[in-house]
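The structure under discussion appears below in the form of structure tokens.
Numbered from 1 within each chain, the chains take letters A, B, ... in sequence-line order.
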2 protein chains.
Amino acid sequence: MLSKRTKYGLKAITFIARQEDEQPVQIATISKSENISHKFLESILLSLRKAGFLGSKKGKGGGYYLLKDPKEVKMSDVIRILEGPIAMLPCVSLNFYEKCDDCPDETKCSVHSLMIEVRDSTLEVLRNKTLADLVKDTQ
Amino acid sequence: MLSKRTKYGLKAITFIARQEDEQPVQIATISKSENISHKFLESILLSLRKAGFLGSKKGKGGGYYLLKDPKEVKMSDVIRILEGPIAMLPCVSLNFYEKCDDCPDETKCSVHSLMIEVRDSTLEVLRNKTLADLVKDTQ
DNA sequence: TGCATTCCCTAGTTAATCGATAGGGTTTAA
DNA sequence: TTAAACCCTATCGATTAACTAGGGAATGCA
């Protein structure tokens, strides 16, 4: 299940990408428009900034703005920052791999091989979907 | 993230499907072989029995056995019983749909359309993968 | 019949996580 | 100078996951 953190984060970054001028967008603006708790959204945007997707400007008239071309922002990368692993099991995760306690041999685990297929098919979608697509799909 | 409940359930039903004779398999046998807590596994197998995948036999020499041809057991169906929705958001779930509190209009939600694509690609994999495949892949 | 074996069922418990809140501190434009 | 806005840490309530406990009921076999 996608966390609200990720859901809100995707909505927020899409909102920012929709701005035509280069003016920074304030938390309060997104918070009201997308019905997201102001403080919660604050911590989400902070993560996106630390990850290099967003820049910020302090003081009056400040806010958040995109650092990259929306066409270059892959959903797989954004989701890894907000949600963590894309795979449904740590033992099939590319970026967050962990061995299972119970499995002596991954190659003989039926769940393992199944979840690799699921992961690959999900990644295929997320790698080919960019922020620009999200903006376009909902205009 | 896949719950241990689902992971254990898939391992267990694969274990049962691997038996060549038609003899019922006991909880304790699976529990030891797959390193799963006996009582926890008991409740998982009970769910699979109630959902019609497994039958059971009480008393000495009893246990659980498959009710269907492994080729007919789709992973999508098993996972829906064990895990619940396959979609990552309730608002894109086919079998467990729920409207989002925050979204006034799903058609304009960027996350919604993205998650529909992810769901469809995951379903494609899970519908075409059967219990027989799992057994074969790990022999 | 008696008894061990096995499944059946309900309820409780512990720990982790999620979503949100609180309360400041710092920077900057006007 | 001041108010707007971001920056950061800590905390908290509710929910859920993953077991755990304990007994009941059916079955096969001596």
Side-chain angles (χ1 to χ4, degrees), chain A residues 1-12 16 23-32 34-51 53-67 82-85 88-90 96 98 100-102, chain B residues 1-13 16 23-32 34-67 79 82-85 88-90 96 98 100-102 111:
Chain A
M1 186 70 64
L2 209 68
S3 64
K4 292 208 170 180
R5 181 176 181 79
T6 303
K7 187 182 165 194
Y8 292 165
L10 289 175
K11 280 188 170 195
I16 295 172
Q23 290 302 306
V25 186
Q26 289 139 30
I27 294 176
T29 309
I30 306 174
S31 159
K32 282 171 199 156
E34 303 288 336
N35 300 306
I36 304 171
S37 145
H38 184 283
K39 280 291 196 180
F40 192 27
L41 180 58
E42 198 175 323
S43 85
I44 294 167
L45 292 177
L46 209 58
S47 305
L48 289 174
R49 187 185 65 84
K50 286 182 179 168
F53 294 108
L54 299 178
S56 66
K57 201 181 161 195
K58 291 183 182 177
K60 195 168 184 176
Y64 288 91
Y65 51 90
L66 272 188
L67 282 181
L82 293 169
E83 186 81 10
M88 297 182 80
L89 284 179
F96 300 82
E98 271 180 57
C100 295
D101 294 334
D102 47 314
Chain B
M1 187 70 65
L2 208 69
S3 64
K4 293 207 170 180
R5 181 178 180 78
T6 303
K7 187 182 163 195
Y8 292 165
L10 289 175
K11 280 188 169 195
I13 200 172
I16 295 172
Q23 291 302 307
V25 185
Q26 289 139 30
I27 296 176
T29 308
I30 306 174
S31 160
K32 281 172 201 157
E34 302 288 335
N35 299 307
I36 305 170
S37 143
H38 184 283
K39 279 293 196 179
F40 192 27
L41 180 58
E42 198 176 324
S43 86
I44 295 167
L45 292 177
L46 209 56
S47 304
L48 290 173
R49 187 186 63 85
K50 285 182 179 169
F53 294 108
L54 299 178
S56 65
K57 200 180 161 197
K58 290 183 184 175
K60 193 168 186 178
Y64 289 92
Y65 51 90
L66 273 187
L67 282 180
I79 289 180
L82 293 169
E83 186 81 9
M88 295 183 80
L89 285 178
F96 300 82
E98 270 179 59
C100 296
D101 294 335
D102 47 314
V111 186

Is the shortest side-chain N/O distance from Ser37(A) to OP1 or OP2 of dT21(C) below 4.0 Å?
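So the side chain of Ser37(A) is within the cut-off, an N or O lying under 4.0 Å from OP1 or OP2 of dT21(C).
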
Between Ser43(B) and dC9(C), is there a contact of a side-chain N or O with OP1 or OP2 at under 4.0 Å?
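No, Ser43(B) has no side-chain N/O under 4.0 Å of OP1/OP2 on dC9(C).
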
Measuring from Leu41(B):CG to Ile36(B):CD1, what's the distance to the nearest 0.5 Å?
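One finds 5.0 Å between CG of Leu41(B) and CD1 of Ile36(B).
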
What distance do Asn35(A) atom CG and Cys100(B) atom SG have between them, rounded to the nearest 0.5 Å?
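Going from the CG atom of Asn35(A) to the SG atom of Cys100(B) covers 11.0 Å.
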
Polar side-chain atom of Glu34(A) near backbone of Ala12(A) as donor-acceptor pair, under 3.5 Å:
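No: the side chain of Glu34(A) does not pair with the backbone of Ala12(A).
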
Between [atom2] on [N] and [atom1] on [X], what's the gap in Å once rounded to a whole number?
X: Leu48(B); N: dC7(C); atom1: CG; atom2: C1'; value: 15 Å
X: Glu83(A); N: dG19(C); atom1: CD; atom2: P; value: 8 Å
X: Gln26(A); N: dT27(C); atom1: CD; atom2: P; value: 20 Å
X: Ile36(A); N: dC18(C); atom1: CD1; atom2: C1'; value: 16 Å
X: Ile44(B); N: dC8(C); atom1: CD1; atom2: C1'; value: 16 Å
X: Leu41(A); N: dT21(C); atom1: CG; atom2: C1'; value: 14 Å
X: Ile27(B); N: dC8(C); atom1: CD1; atom2: C1'; value: 9 Å
X: Leu46(B); N: dA11(C); atom1: CG; atom2: P; value: 14 Å

Between which nucleotides of DNA chain D, read 5' to 3', does contact with chain B run, using atoms under 4.0 Å from its heavy atoms?
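The contact span of chain B on DNA chain D goes from dA18(D) to dG28(D).
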
From Thr29(A), Leu48(A), Ile30(A), Ile27(A), residue fulfilling side chain to side chain contact (heavy atoms under 4.5 Å, CB included) relative to Tyr64(A):
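For Tyr64(A), the side chain to side chain contact (heavy atoms under 4.5 Å, CB included) check succeeds only for Ile27(A).
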
May I ask you to decide whether Asp102(B) forms a salt bridge with Lys11(A), counting only side-chain N to carboxylate O separations under 4.0 Å?
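So Asp102(B) pairs with Lys11(A) through a salt bridge.
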
Mapping Lys60(B) and Tyr64(B) onto DNA chain C by nearest heavy atom, which one lands closer to the 5' end?
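Residue closer to the 5' terminus by nearest nucleotide: Lys60(B).
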
Considering heavy-atom distances to DNA chain C, does Lys58(B) or Tyr8(A) have its closest nucleotide positioned more toward the 5' end?
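It is Lys58(B) whose nearest nucleotide is closer to the 5' end.
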
Could you work out, with ring-ring contact (aromatic ring centres under 6.0 Å, His included) as the rule, every residue matching Tyr8(A), not counting sequence neighbours?
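Partners of Tyr8(A) by the ring-ring contact (aromatic ring centres under 6.0 Å, His included) criterion, ordered by chain and then number, come out as Phe40(A).
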
From the set dC8(C), dT6(C), dG19(C), return the single nucleotide nearest to any side-chain atom of Glu42(B).
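Taking heavy atoms from C-beta onward, the closest nucleotide is dC8(C).
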
Closest approach of Val111(B) and Lys7(A), non-hydrogen atoms and distance?
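Between these two residues, the closest heavy atoms are CG2-O, 3.7 Å.
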
Look at all strands and tell whether Lys50(B) reaches a base, only sugar-phosphate, or nothing, counting heavy atoms closer than 4.0 Å.
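Touches sugar-phosphate only.
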
Let me know, please, whether Lys39(B) or Gly61(B) comes out on the 5' side of the other along DNA chain D by nearest nucleotide.
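Looking at the nearest nucleotide for each, Lys39(B) comes out on the 5' side.
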
